[in-house]
Amino acid sequence: MKVEYLKLYNAALNNAKDLKREAEILFENKAYARAYFLSYSALEEISKSQFAADVYTGFEKEEKFINFYRNHNKKMNRMKWAHLDANDS
């Protein structure tokens, strides 16, 4: 099962990178609302990837991940620091 979490980590992280790249294109073309949405989605994917890594390394329990995986609020709560950092800039 550990290998599955490593695969999930890589898949979610790669998806986050793709979403960020697409958000940058939209932003450059002044499609700000869509760029924001994709950026937000990328943060959610980063949250998922990091939690998968935490399960893989044994830092978190698999049961906690299963509860977290489909809950958007829980994923975004793990990424609150990004929102706070952006507001401090």
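Start at 1 with the first residue, then count along the sequence.
- Counted within 6.0 Å of CZ on F65, heavy atoms from surrounding residues, nucleotides or ligands total more than 12; the atom is thus considered enclosed.
- Its side chain within the 4.5 Å cluster rule, Y32 clusters with F27 among the Ile, Leu, Val, Met, Phe, Trp and Tyr residues.
- Both F37 and L19 sit in one connected hydrophobic cluster of ILVMFWY residues. Membership requires side-chain heavy atoms under 4.5 Å apart, directly or through other members.
- Here OH of Y36 is found 10.0 Å from OG of S41. Values are rounded to the nearest 0.5 Å.
- Residues F59 and Y5 fall into different hydrophobic clusters, defined by Ile, Leu, Val, Met, Phe, Trp and Tyr side chains chained together at heavy-atom separations under 4.5 Å.
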Which donor-acceptor pairs under 3.5 Å do side chains of residues 6-17 form with protein atoms, sequence neighbours excluded?
| residue | atom | partner | partner atom | Å |
| --- | --- | --- | --- | --- |
| N10 | ND2 | L6 | O | 3.2 |
| N14 | ND2 | N10 | O | 3.2 |
| N15 | ND2 | E45 | OE1 | 3.2 |

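- Sorted by first and then second residue, the pairs that involve residues 22-41 and meet salt bridge (charged side-chain N to carboxylate O under 4.0 Å, His left out), not counting sequence neighbours, are K20-E24.
- Contacts of S47 classified as side-chain contact (heavy atoms from CB on, under 4.5 Å), with partners at least two apart in sequence or in another chain: F68, K75, R78, M79.
- Considering only residues two or more places apart in sequence or on other chains, K64 meets the salt bridge (Lys or Arg N to Asp or Glu O under 4.0 Å) condition with E60.
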